[in-house]
Amino acid sequence: MSELTLTVMRLGFLAVLWLFVIVAVQVIRSDLFGTRVTQRAGGARRAAPDRSGQRQGSAPPPQRQSGGRGQSGGRGRRNAPTKLVVTEGSLSGTTVALQGQTITLGRAHDSTIVLDDDYASSRHARIYPDQGGQWIVEDLGSTNGTYLDRTRLTTPTPIPLGAPIRIGKTVIELRK
């Protein structure tokens with residue numbers, strides 16, 4: 001082998017090694033600092049800048065919330081829940097208005113409710129309305145499971161008003 005070929009192979013190996021180190025550092029950094037719960041908790045307050053075109057990437061969730069108001073049927077409105085409340089966990093006290101849109105829960109930054117919890121998957125569960133106006137919770141194949149009243153969910157299940165939904169250390173309830 002020529003000296004030039006050997007030098008090129010050494011430099012290529014060195015470049016691949018540094019690429020691996022950089023990717024490993026980015027993965028560790030995103031795992032430690034990737035979820036920004038404090039920014040997502042104020043998502044409703046950021047709606048005005050989003051509509052002005054400053055950050056169009058996060059505009060769809062507020063648009064879905066405002067557009068979903070007319071989609072809920074008149075059937076069952078009297079006893080229908082109007083909000084989703086986080087009762088336990090790092091987001092305790094957070095309230096999300098139920099306006100006919102699907103609510104996603106997990107560690108992913110694009111979830112409706114971002115859970116800063118080691119026991120939550122990136123796409124853990126979703127809560128959505130069915131045709132009859134009742135809300136359904138569905139586990140999205142999470143590792144640690146989603147629990148409704150101490151029962152692990154295996155299929156999409158209707159949520160009774162006030163029943164606790166547990167995802168790791170976070171507990172969520174539907175309320176009027």
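Being a predicted model, the structure only gives us computed values, none of them experimental. Below, each value reflects all heavy atoms present in this structure, side chains not excepted, and no hydrogens, waters or symmetry copies.
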Q: Under 3.5 Å, side-chain donor or acceptor atoms of residues 4-16 against the rest of the protein: list the pairs with distances, not counting sequence neighbours.
A:
{"unit_1": "T5", "atom_1": "OG1", "unit_2": "S2", "atom_2": "OG", "d": "2.9"}
{"unit_1": "T7", "atom_1": "OG1", "unit_2": "E3", "atom_2": "O", "d": "2.8"}

Q: Determine whether a donor-acceptor pair (N or O, by modelled atom type, separation under 3.5 Å) exists between the side chain of S92 and the backbone of G89.
A: no
Q: Within the structure provided, determine whether I172 and L105 are in side-chain contact (heavy-atom separation under 4.5 Å).
A: yes
Q: The test is salt bridge (Lys or Arg N to Asp or Glu O under 4.0 Å); show your working for R123 and D110 and say whether it passes.
A: CA-CA 9 Å; R123 307 249 187 285; D110 60 344; 3.0 Å; yes
Q: Could you check T95 against L84 for side chain to side chain contact (heavy atoms under 4.5 Å, CB included), going step by step and ending with a plain yes or no?
A: CA-CA 6 Å; T95 301; L84 183 74; over 6 Å; no
Q: Using the side-chain contact (heavy atoms from CB on, under 4.5 Å) criterion, which residues pair with T87? Sequence neighbours excluded.
A: V85, V171, E173, R175
Q: Looking only at non-hydrogen atoms, find the nearest pair between W135 and P129 and report the distance.
A: CZ3-CD, 3.4 Å
Q: Please round to the nearest 0.5 Å and tell me the distance separating atom CD1 of I127 and atom CG of L98.
A: 8.0 Å
Q: Would you find a donor on one side and an acceptor on the other, under 3.5 Å apart, between the side chain of S122 and the backbone of R107?
A: no
Q: Return each pair, listed once, that meets salt bridge (charged side-chain N to carboxylate O under 4.0 Å, His left out) where at least one residue sits in residues 80-90; pairs must be two or more places apart or across chains.
A: E88-R166
Q: Considering residues at least two apart in sequence or located in another chain, which fulfil the salt bridge (charged side-chain N to carboxylate O under 4.0 Å, His left out) criterion with R152?
A: none
Q: With sequence neighbours left out, write down each residue that passes side chain to side chain donor-acceptor pair (under 3.5 Å) with R126, or none if nothing qualifies.
A: E138
Q: Would D117 and I167 count as a side chain to side chain contact (heavy atoms under 4.5 Å, CB included) if you check the C-alpha gap in whole Å, the side-chain angles of each, and the deciding distance to 0.1 Å?
A: CA-CA 9 Å; D117 190 339; I167 298 173; 5.6 Å; no
Q: Checking D130 now: which residues fulfil side-chain contact (heavy atoms from CB on, under 4.5 Å) with it, not counting sequence neighbours?
A: Q134, I136
Q: Test side chain to side chain contact (heavy atoms under 4.5 Å, CB included) on L91 and T170; report intermediate values, then the result.
A: CA-CA 8 Å; L91 294 174; T170 305; 5.7 Å; no
Q: For P158 versus L148, what's the shortest heavy-atom pair and its separation?
A: O-CD2, 3.6 Å
Q: Do the side chains of I113 and T94 get nearer than 4.5 Å, heavy atoms only?
A: no
Q: Check whether D139 reaches the backbone of L153 with its side chain - one donor and one acceptor, N or O, closer than 3.5 Å.
A: no
Q: Would a 4.5 Å heavy-atom cut-off, applied to side chains only, mark I103 and V96 as touching?
A: yes
Q: Just to verify, what does N144 make a side-chain contact (heavy atoms from CB on, under 4.5 Å) with, not counting sequence neighbours?
A: Y119
Q: List the residues meeting side-chain contact (heavy atoms from CB on, under 4.5 Å) with S121, not counting sequence neighbours, and say none if there are none.
A: H124, S142, T143
Q: May I ask you to list the residues sharing a hydrophobic cluster with Y147, side-chain cutoff 4.5 Å, ordered by chain and number?
A: none
Q: For the residue pair L161 and P81, what are the closest heavy atoms and their distance?
A: CD1-CB, 3.5 Å
